[in-house]
Amino acid sequence: MKTDADIVRGLLAGHDPARAVRADVPERERALEAILTEPPAVDSVTRKRWRPRWRTMAVVATAAAATAIVGLTALPQLRTTHVSRVTTPPLLELKQPVYGAAATKALRDLAARAERQPDTIGHGRVVYSKIQGWYLDSTVSRRRTSAVVVPRTEEQWVAPDGSGRQLAGAGRPWFPTAKSRQEWERQGRPPLGARDSDDRFGPGGLSGDPDVDKLPTDPAALRRELEKSGTDLKGAAVLLEAEGDLWRQPLRPALQGALLRVLADSGEMGYAGPVRDRAGRAGVAFTLDQNQTGLPERDVIIFDRRTGRALSEETILTKDPGKLPVRIPSVTSYTLFLGSGRVDGMNERP
C-alpha cells in the first residue's frame, strides 16, 4: 500500500532534483533528502518577510488538491491519520488591539525604557543569536492532509568577515490527533522535520544580516535606511520586515529605542497589552493588520515590557485562508528570539 509520501513523490517525479543521480536506491534517497532539506530560492511573488535561515517555503500542488503553501523539509515516511486541515499552533490570548494615540504612546514609552537600559551585550568579535520557530511538516494528497508541527531551534555565530557556525536541531513533534501520535510511535518514532545539523561557513557565508553598528539611531534617518529593503511592501509592513532582520541580533539600547520609535511614528500599529509569549515570558504585544502579501493577516510582535527587546513575532491569517487548508483564524508561523550577544569564539555563549 502506498503512503502519502509515495503518492506525492509520484506526482512530483518530473521535478525530482535527484532524478539525474546515477546511484543505487539508498544513495539516491540520501541525495534527494539532502536536497530537499536545503532552503530553495524564494520566488519573486513569495513574501520576503524575514524568517529563520532553516525555514523553507515550498508549494505542493496536485490535480485534485488545493494549492498549499507550508513549511516543508524532506517528506517523512509517516502514515499518519488523515485530517481535512493542517494543524496549527494555538492562538495566543491577546486582548483586542487599540489604535491611534494609545498605541503610539505605548510604543514611545517602551522606547524610552529601552534607551535607559545598560549596555550588556558585550564587545566580542563574534555575534551570537538563538531562536526557536515552529513550522508545519505536511503532505498533500487528494484533498487529504496529514500534518505535524515540529519546533526547531537555531544557534548562530557570525564573525566580522561573514564566516560562522549554525547549530540547529528539531524538538518534540506536536501531532494533530492521538491516533497520528500513536501511529508515529508504532513505527518506532521515526525522525520528523529537517535533520540536526552543525554547519561551518567560510568568509561571506553568513554575511546576509545588516550591520547594526552602522545603523543610525535618529528615528527619521533609521526609517530611511529600513525603507531601502527593496520590497513591494509599504508603510509599517516594510518596517516590520526590515526590523525582523535585526531582532535576532544583539542591539544596543539606543538602537533598540530608535526601532521602537520608528514603529510608533508609523501610526499603523495596534496595542494589545500585556501577554506571555510561547516561551512563557512576560511582554507587551503590538499588532499590524494588513493584506499586502496576498491574504488578510495580523502580524504580532511581543516586546519585553522592561527592556524593549523583541521576544517573538508571529503571523496569523485572520479572514480568508485562500487555498491554504487551515481554519480561520490560524497561526501560520512564529519565531521566538531566545538570546543574543557578542562573544569571542564559535563555541561560546553569552
Side-chain angles (χ1 to χ4, degrees), residues 17-18 21 27 30-44 46-58 71-74 121-135 137 150-171 191-215 225-226 228-231 241-252 255 309-310 312-313 333-350:
V21 176
E27 184 176 346
R30 286 194 296 271
L32 177 59
E33 180 183 10
I35 292 170
L36 288 175
T37 54
E38 289 295 321
V42 179
D43 186 80
S44 60
T46 303
R47 185 181 184 187
K48 296 180 181 178
R49 176 72 181 275
W50 175 88
R51 289 292 183 266
R53 293 180 186 276
W54 46 260
R55 182 186 170 96
T56 65
M57 297 299 292
L72 286 179
T73 58
I121 67 173
H123 296 276
R125 60 183 296 274
V126 176
V127 174
Y128 169 85
S129 62
K130 181 178 181 180
I131 60 174
Q132 184 182 83
W134 290 70
Y135 59 101
D137 255 346
V150 183
R152 191 162 177 82
T153 301
E154 178 193 276
E155 293 180 273
Q156 179 173 279
W157 293 259
V158 184
D161 65 356
S163 62
R165 177 189 181 194
Q166 285 181 346
L167 180 63
L192 299 170
R195 296 166 296 178
D196 292 355
S197 62
D198 187 352
D199 298 318
R200 305 281 177 152
F201 299 83
L206 291 176
S207 58
D209 289 332
D211 186 345
V212 297
D213 291 333
K214 296 181 179 179
L215 290 174
E225 286 297 318
L226 297 177
K228 292 178 181 179
S229 61
T231 71
E241 175 184 322
E243 290 193 12
D245 288 324
L246 305 176
W247 287 332
R248 73 173 290 162
Q249 299 192 60
L251 304 177
R252 303 201 184 276
L255 180 57
R309 182 172 63 88
S312 68
E313 65 89 21
S333 67
Y334 73 78
T335 303
L336 301 173
F337 305 101
L338 298 178
S340 63
R342 288 184 172 271
V343 296
D344 293 321
M346 298 294 173
N347 297 313
E348 297 182 16
R349 297 175 175 86

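Owing to the predicted nature of the structure, the values given are computational and were not obtained by experimental measurement.
- With sequence neighbours excluded, the residues satisfying salt bridge (charged side-chain N to carboxylate O under 4.0 Å, His left out) with E225 are K228.
- Side-chain contact check for S340 and Q249: no donor-acceptor pair (N or O, by modelled atom type) lies under 3.5 Å.
- Within the 4.5 Å cutoff, the side chain of S163 has no heavy atoms near those of the L206 side chain.
- Remark: R252 pairs with D119 by the salt bridge (charged side-chain N to carboxylate O under 4.0 Å, His left out) rule, at least two apart or across chains.
- Judged purely by atom type and a 3.5 angstrom limit, W157 uses its side chain to pair as donor or acceptor with the backbone of E348.
- The closest side-chain heavy-atom distance from V127 to R342 is below 4.5 Å.
- Scanning both residues, V343 and P350, for their nearest heavy atoms gives CG1-N, 3.7 Å.
- Looking only at atom types and distance, the side chain of Y128 has no donor-acceptor partner in the side chain of Q156 under 3.5 Å away.
- Between A242 and L226 the shortest heavy-atom distance is CB-O, 3.5 Å.
- Contact of the L215 side chain with the L255 side chain is registered, since non-hydrogen atoms from C-beta on lie closer than 4.5 Å.
- The list of salt bridge (charged side-chain N to carboxylate O under 4.0 Å, His left out) pairs with a residue in residues 197-207, not counting sequence neighbours, reads R165-D198.
- Between M346 and A159, the closest heavy-atom pair is CE-CB, 3.8 Å.
- In this structure, the side chains of T153 and L167 stay at 4.5 Å or more apart for every pair of heavy atoms.
- Atom CD1 of I131 is separated from atom CH2 of W247 by 13.5 Å, given to the nearest 0.5 angstrom.
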### Task
Report the C-alpha distance between R152 and D196 in whole Å, list the side-chain angles of each, state the deciding distance to 0.1 Å, and finish with yes or no for side-chain contact (heavy atoms from CB on, under 4.5 Å).
CA-CA 9 Å; R152 191 162 177 82; D196 292 355; 4.3 Å; yes
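- A side-chain contact (heavy atoms from CB on, under 4.5 Å) with E154 is found for one member of R248, Q132, K130 and no other, namely R248.
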